[in-house]
Amino acid sequence: MPGWAQQQLFPTDKQAGQARIARVLIDSPLPQLDRLFDYRIPPLLAADARAGVRVRVPLRSAGRIADGFIVEVVESVAYTGVLSDLEAVVSSLPVLAPEVWKLARRLADRSAGNASDIIRLAVPKRQVRVEKVWLAQERSGTPAPVGATPVHTVPVSDYPEEAMVGLLSSGGRIALDAVPRVVQLPGGEWVGHWAVTLAALATQALARGGSAILAVPDYRDQSQLMAALAAVLPPDRVVHLDARQSNPDRYRSLLACLGTTPLAIVGNRSVVYAPARSLALIAVWDDGDPLHCEPLSPYVHTRDAVLLRQEQQACSVVFAGHARSTEVERLVELRWLEPVRATRVYTPKVIPTAQQSSDDKLAAVARIPTAAWREAKAALEHGPVLVQVARPGYAPRLACDSCKQSARCTVCEGPLGMKTSRSTPACQWCGALATTWHCVHCNASTFRLVGQGSVRTAEDLGRAFPGVRIIIADGDRRVLTVPASPALIIATRGAEPIADGGYRAVLLLDGERMLARESLRVGEDCLRWWANAVALAAPGATTVLVGVGGPLASAMATWRLSNYASGELADRRRLRFPPAIRVATMTGSPSTVEKAVSALTSIEGTDVLGPTEVEGGLRAIVRFDYAAGSQVASVLKAEIVRNATNRRKRIPAGEGRMTPLPTLKVRFDDTEPFVDV
DNA sequence: AAGTCCCACGTC
DNA sequence: ACGTGGGACTTC
């Protein structure tokens with residue numbers, strides 16, 4: 001590979017003298033501006049004005065300047081009006097890679113959103129200092145922060161070799177069943193087996209001269225994966241890039257990606273937009289985790305971004321997880337993804353146990369069945385024991401002691417709860433302290449505790465296991481790892497630390513409570529939470545799943561987790577629920593929603609639920625076949641643009657106050673579309 | 001979003 | 001005939 005300094009990264013344009021036209025995407029959330037605008041390139045800017053650079057352009061009137069990106073430079077343009085000149089080129093670095101632009105455009109189109117909303121996630125703001133440092137290193141030819149240290153491939157152990165080799169050589173797409181074990185890295189750290197698998201795949205991509213993008217849901221997954229990568233790749237071949245970094249760090253990582261050296265790029269959901277050089281592989285860990293769903297409009301899920309990018313760039317794709325999501329199961333059944341499982345069968349020992357009858361003392365105290373208690377006691381002789389609970393805090397809910405009605409915040413009607421046994425009850429929504437609480441139903445002023453949070457469970461278990469060290473891990477108390485010594489680790493689902501050598505036993509306590517959630521995805525979510533906890537157990541350790549029966553319990557006991565996913569998907573097909581079909585929710589004023597609904601009626605393969613009345617207007621859900629997706633999206637986008645363009649009408653709201661009616665809001669592929677319908 | 005055009009209404 | 005205020009309309 002040629003040295004860094006010899007690479008002509010950004011060659012000056014040979015045609016710089018000609019009068020050319022820049023096609024610019026304006027950085028604006030307005031749907032009516034979500035298209036390209038054409039500007040003349042003044043001679044002074046000709047050298048820098050190339051596709052991908054950030055620019056400033058006049059918009060509508062000379063005084064008003066907008067930010068944007070040059071998407072392409074062309075000789076002539078269809079627009080017949082008079083063109084304005086580019087105002088300025090912000091930086092000569094092409095930070096918006098063409099493939100990222102194409103991806104953003106298509107993702108926005110399929111969700112009736114704005115491309116610039118996606119590009120905002122993909123391209124951090126310019127950081128002059130960071131850029132200067134980077135350019136100086138680039139020009140002086142001193143060893144750049146990202147050099148080209150050779151990569152040694154590491155075999156992907158525990159999986160069939162031909163599947164793994166085929167994956168990278170032919171742009172394959174696989175759904176990988178992760179091995180439910182923890183493994184020790186050469187440096188001594190323990191990580192999930194999956195992290196080692198993804199790291200090994202990354203070495204293979206890099207050795208072939210391609211980059212690998214590795215997307216994980218949260219920081220704890222990220223730290224495991226970074227550790228696993230550090231064990232197999234030189235430090236200058238691994239880059240961390242995600243939206244949680246500070247802007248300078250993000251910009252530095254982005255520039256590293258734009259370099260010529262293939263990298264392993266690790267991050268959370270927004271990493272799928274990294275401008276990776278010679279992209280060879282995208283791997284997604286635990287795609288069912290809701291953190292993979294972008295909360296900002298247009299709400300693109302990592303999985304969808306990956307699928308489109310794979311289509312556009314023909315890279316290899318891996319979806320890895322313990323409990324397969326129904327979406328991945330659908331892709332497997334369509335043969336879009338090839339299922340790959342480990343060469344050896346690893347079946348954790350999971351014992352579903354009924355909830356204990358209340359005459360047992362321990363059950364009354366700590367809601368632990370005798371069998372589980374015995375298991376934990378024996379395991380505590382040898383090492384740490386994990387206890388998974390549903391909620392943090394002491395008591396998640398309070399209720400009136402006399403009328404049993406749930407206690408509500410006097411400020412916002414939110415539920416009251418307690419963080420510790422001694423803390424003042426507080427609202428779970430607004431945080432207001434309920435110092436002088438009175439029941440709104442019967443005016444009594446004493447309440448009782450409902451439910452058990454991690455803190456209360458810890459107290460109870462402390463009593464049941466005197467002398468045992470107790471560690472609480474939840475959203476507030478982040479614990480990444482625990483030593484191999486005996487201790488009880490009480491963790492809320494998703495916050496479980498990794499134990500050196502694995503847990504000697506795992507108790508999954510609040511299954512019933514977790515399943516009580518009103519959601520289309522409860523079953524699959526619970527399976528994922530439980531499976532991810534079970535995967536932290538030591539070989540041979542027992543997991544007790546308390547109070548859960550039926551197909552979920554048998555899926556856990558037999559560790560045939562994909563069976564559950566296929567059954568669930570079959571149900572969704574029957575009911576015409578996602579992911580068997582797609583959905584889009586429309587909310588807004590009655591007229592906008594009704595117009596949108598009627599605009600959809602002519603499309604084959606759609607049906608509309610609602611509209612129903614919601615706060616401030618109407619809400620309707622359109623269900624549609626995947627094949628109808630682009631049509632539905634373009635119809636709804638047209639409605640959104642029409643609503644935004646036709647100036648908002650105002651209606652007098654009773655007492656002469658003018659309130660603007662909400663315009664049409666559209667959300668595609670909401671994971672919980674039916675919640676308040 | 002916000003500058004600009006345009007039309008309706010008001011005043012001399 | 002001239003002024004002005006607010007809404008509609010466009011953005012290369």
Next item on the list: Using atom CG of A:Asp34 as one end and atom C1' of C:dC12 as the other, report the distance to the nearest whole Å.
Entry: 15 Å

Checklist line | Gap between atoms CD and C1', on A:Gln32 and C:dC9 respectively (whole Å) | finding: 10 Å

Check: Looking at A:Tyr251, is A:Arg129 sitting on its ring face, NZ or CZ under 6.0 Å from the six-membered ring centre and within 45 degrees of the normal?
Finding: no

Check: How many Å lie between CG on A:Leu83 and C1' on C:dC12, as a whole number?
Finding: 6 Å

Item checked: Stacked cation flag A:Arg478 on A:Tyr219, 6.0 angstrom / 45 deg -> yes

Next item on the list: Classify the nucleic acid contact of A:Tyr39 as base, sugar-phosphate or nothing, counting any heavy atom under 4.0 Å across all strands shown.
Entry: sugar-phosphate

Next item on the list: Classify the nucleic acid contact of A:Val82 as base, sugar-phosphate or nothing, counting any heavy atom under 4.0 Å across all strands shown.
Entry: sugar-phosphate

Margin query: Expressed as a whole number of angstroms, how long is the span from A:Ile65:CD1 to C:dT11:C1'?
Written below: 13 Å

Checklist line | A:Asp27 CG to B:dA1 C1', straight-line distance once rounded to whole Å | finding: 13 Å

Check: Do A:Arg64 side-chain and B:dA1 base share a donor-acceptor contact under 3.5 Å?
Finding: yes

Notebook entry, point to check: Within a reach of under 6.0 Å around CZ of A:Arg576, are more than 12 heavy atoms found that belong to other residues, nucleotides or ligands?
Noted result: yes

Item checked: Single hit among A:Glu294, A:His292, A:Arg269 for side chain to side chain donor-acceptor pair (under 3.5 Å) with A:Thr302 -> A:His292

Margin query: In whole Å, I'd like the distance from the CZ atom of A:Arg35 to the C1' atom of C:dT11.
Written below: 7 Å

Notebook entry, point to check: Quick one: A:Leu30 CG to C:dT11 P, roughly how many Å, whole number?
Noted result: 14 Å

Next item on the list: Answer yes or no for this row: A:Phe37 ring on C:dC12 base, centroids under 5.5 Å, planes under 30°.
Entry: no

Next item on the list: Take atom CG of A:Leu33 and atom P of C:dC12, then tell me their distance rounded to the nearest Å.
Entry: 9 Å

